[in-house]
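Accompanying notes for the structure given below.
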2 protein chains.
Amino acid sequence: MSPKKPNGISTTPCQQCPLRDLPHFRDFSSSELDFVSRFKTGELAVESGSVILMEGSHSAHLYTVLAGWAFRYKTLEDGRRQILNYVMPGDLVGLQGTVMGEMQHSVEALSPVTLCVFERSRLNNLFTDHPTLAYDLTWIAASEERMLDSHLLSIGRRTALERAAYLIAFLYSRAKAVALLQGEATIPVTQQHVADTLGLSIVHTNKTLRKLVDRGLIRWTDKGCLVLDDAGLAQVAGWESDGKRQRPFI
Amino acid sequence: MSPKKPNGISTTPCQQCPLRDLPHFRDFSSSELDFVSRFKTGELAVESGSVILMEGSHSAHLYTVLAGWAFRYKTLEDGRRQILNYVMPGDLVGLQGTVMGEMQHSVEALSPVTLCVFERSRLNNLFTDHPTLAYDLTWIAASEERMLDSHLLSIGRRTALERAAYLIAFLYSRAKAVALLQGEATIPVTQQHVADTLGLSIVHTNKTLRKLVDRGLIRWTDKGCLVLDDAGLAQVAGWESDGKRQRPFI
DNA sequence: CGAAAAGTTGACTCTCATCAAGATGCGTGG
DNA sequence: CCACGCATCTTGATGAGAGTCAACTTTTCG
């Protein structure tokens, strides 16, 4: 059972964080764990579809995703939307607002999401007292940059079919690493999300996804996308797997 | 005069780094300056067109650009190339290889480039002994991420004309901040570079740039692109300036 | 002087956006 | 329980935007 805080919100103690059991994440020293558990001031639970962070907002907290799916996006004045990346358990959210003052993108939940809330003011302590965690922060930022590089390559230079296959293979691979796709679980996106990620119209996205369905690589259900043949997707996408190194998280 | 090291390469002492005079960069404490100047082990001068870092390489050094233009890019097996971002004085190069083991992109010089070379093994000292510099590293990584977010929005959702205007306005704005565009200096890119940045073919890029030329916003010379009307470009691009906060650099 | 690199332009083709119409499933309120 | 609206997915028709091919000019450089 999760203990209750005075405010009535149940929280998971970092010592019992379920993510730590995953081989995907590196182990913490007890002093690191101790610091993080004091760094964490609470949990935030949001439902599917709610906006976690808003472009232009200042008072951004710093979060780590404990459970659920979300995505980062930007919009132009006339409403055109571009999804930048997807957020999964272990990912940091709001770092930009914390270190650069203002969020330049929004974050929205794709499923019910639980977030660990960190005290922004204590971020300095992290840098002064825990250089290994500070290094992890840099690692995480570099990793996010690597993903964005891949997406840029995809949108800029891949065909629509390659792009779609790449995106789904990417989401599948990441989700599996954090045990988000147990059993018959689907990737919880609509075709509108896919379109806004790939830079295509919904209509064309629909026709492109249909080709992947017809080839038996995926199935589209009312709850999202089910991957049937990840190797086949990877082949269409021209995907190069990037090994299974352990990653840090905070 | 620059002093000569035993190996005969002339180097700029960090204490006299010309970049520090620019209002764009934050001031260092003397202890920070002291550390950085010991962190720096030399300088590397490369000529226009040479590859500074190669995708897949391991033994990446860590560099800061002291002078010149470069760009980061990725390629697919069949040769399709996507330029991810441009690198200017003050920018860090090779962080990815340093913290994540292997470069996932290449870097190529657009002009003669001078780089400060840092000792990778001493990066740990930076984190343990200079938390303010570690914070700067995170800041720089977050800033790079912010630029990539903008480029994704651009490539994914802007029209060809908007994209081209946005790119040039972006380069112009960044270059001015580091005093790279004194006098009649041009942005040293070919239309091939622009095409590979925008995700368009050269032919279509040529026709798109021509429209910007016809509107009197830019001029194309044999040395690159000359900006005539940055406000006009910004308007076509739907550009929102992001203020003039000072940035750190190492 | 010849070759290579960069820019230019027109013709043709194909990808993709837009418009339009319908189908399906779901939640809410009567 | 049904009717209605809403969100999502689907499909076809049409046209605009972007890629490809090809020929030519200009400049650079050995």
Side-chain angles (χ1 to χ4, degrees), chain A residues 47-50 71 76 78-83 108-111 154-165 167-168 186-214 218-226 236, chain B residues 47-50 71 76 78-83 108-112 154-165 167-168 186-215 218-226 236:
Chain A
E47 51 191 39
S48 180
S50 36
F71 62 93
L76 294 171
D78 59 9
R80 284 176 284 179
R81 178 176 77 168
Q82 177 65 39
I83 295 183
E108 183 179 321
L110 271 177
S111 72
S154 214
I155 296 197
R157 287 302 180 206
R158 278 193 243 255
T159 67
L161 191 69
E162 290 169 338
R163 260 184 259 184
L167 172 64
I168 296 171
T186 59
I187 300 171
V189 288
T190 66
Q191 297 192 355
Q192 181 70 64
H193 291 120
V194 175
D196 285 350
T197 310
L198 302 183
L200 301 170
S201 68
I202 335 178
V203 174
H204 197 67
T205 298
N206 179 282
K207 289 166 182 166
T208 303
L209 287 173
R210 180 124 307 279
K211 288 181 192 167
L212 294 179
V213 170
D214 292 343
I218 61 170
R219 198 162 72 221
W220 205 268
T221 77
D222 54 348
K223 291 187 181 6
C225 175
L226 185 62
V236 172
Chain B
E47 49 191 42
S48 180
S50 33
F71 62 94
L76 295 170
D78 60 9
R80 284 176 284 180
R81 178 176 78 168
Q82 177 65 39
I83 294 183
E108 184 179 320
L110 271 177
S111 73
S154 214
I155 296 197
R157 287 302 180 208
R158 279 192 242 255
T159 66
L161 191 70
E162 290 169 340
R163 261 185 257 184
L167 173 64
I168 296 170
T186 59
I187 300 171
V189 288
T190 65
Q191 298 192 355
Q192 181 70 65
H193 291 122
V194 175
D196 285 350
T197 310
L198 302 182
L200 301 170
S201 69
I202 335 179
V203 174
H204 197 66
T205 298
N206 179 283
K207 289 166 181 166
T208 304
L209 288 173
R210 181 125 305 280
K211 289 181 191 167
L212 294 179
V213 170
D214 291 344
R215 294 191 188 185
I218 61 171
R219 197 161 73 221
W220 205 268
T221 76
D222 54 348
K223 291 188 180 5
C225 176
L226 185 63
V236 172

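Protein chains get the first letters and strands the later ones, always in sequence-line order, with residue 1 at the start of each.
- When atom types are taken as modelled, the side chain of R163(A) and the backbone of L198(A) share a donor-acceptor pair closer than 3.5 angstrom.
- Between the P atom of dT10(D) and the CG atom of L200(A) lies a distance of 16 Å, rounded to the nearest Å.
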Check against side-chain contact (heavy atoms from CB on, under 4.5 Å), I168(A) and V194(A)
CA-CA 9 Å; I168(A) 296 171; V194(A) 175; 5.8 Å; no
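- The main-chain N or O of T197(A) is never found under 3.5 Å from a side-chain atom of R81(A) such that the two would form a donor-acceptor pair.
- Counting heavy atoms from C-beta on, the side chains of N206(B) and I202(B) never come closer than 4.5 Å.
- Of the possible polar contacts, one joining the R80(A) side chain to the R157(B) backbone as a donor-acceptor pair under 3.5 Å is found.
- Residue-level contact check: G49(B) touches neither bases nor backbone, having no heavy atom under 4.0 Å from any strand.
- N206(B) places its CG atom 18 Å from the P atom of dA5(C), with the value rounded to the nearest Å.
- Contact of the K211(B) side chain with the V236(B) side chain is not registered, since no non-hydrogen atoms from C-beta on lie closer than 4.5 Å.
- With hydrogens and angles ignored, the 3.5 Å screen pairs a side-chain donor or acceptor of T186(A) with a backbone N or O of K223(A).
- We find that CZ of R163(A) is positioned 10 Å from C1' of dC16(C), with the value rounded to whole Å.
- Between R210(A) and dT11(D) there is a side-chain polar atom (N or O) within less than 4.0 angstrom of OP1 or OP2.
- Taking atom CD of E162(A) as the reference point, atom C1' of dC16(C) lies 15 Å away to the nearest angstrom.
- In terms of modelled atom types and a separation under 3.5 Å, the side chain of Q82(A) and the main chain of D196(A) share a donor-acceptor contact.
- Rounded to an integer number of Å, the gap from R158(B) CZ to dC16(C) P is 21 Å.
- Taking atom CG of L161(A) as the reference point, atom P of dC14(C) lies 18 Å away to the nearest angstrom.
- In terms of modelled atom types and a separation under 3.5 Å, the side chain of R215(B) and the main chain of R210(B) share no donor-acceptor contact.
- Atom CZ in R219(B) sits about 13 Å away from atom P in dT8(C), given to the nearest Å.
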Under 3.5 Å, N/O pairs linking protein and nucleotides 20-29 of chain D:
from	atom 1	to	atom 2	distance (Å)
dT28(D)	OP1	D222(B)	OD2	3.2

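- Within residues 187-194 of chain A, no residue has a heavy atom under 4.0 Å from DNA chain C.
- Counting to the nearest Å, the C1' atom of dA6(C) and the CG atom of D196(B) are 14 Å from each other.
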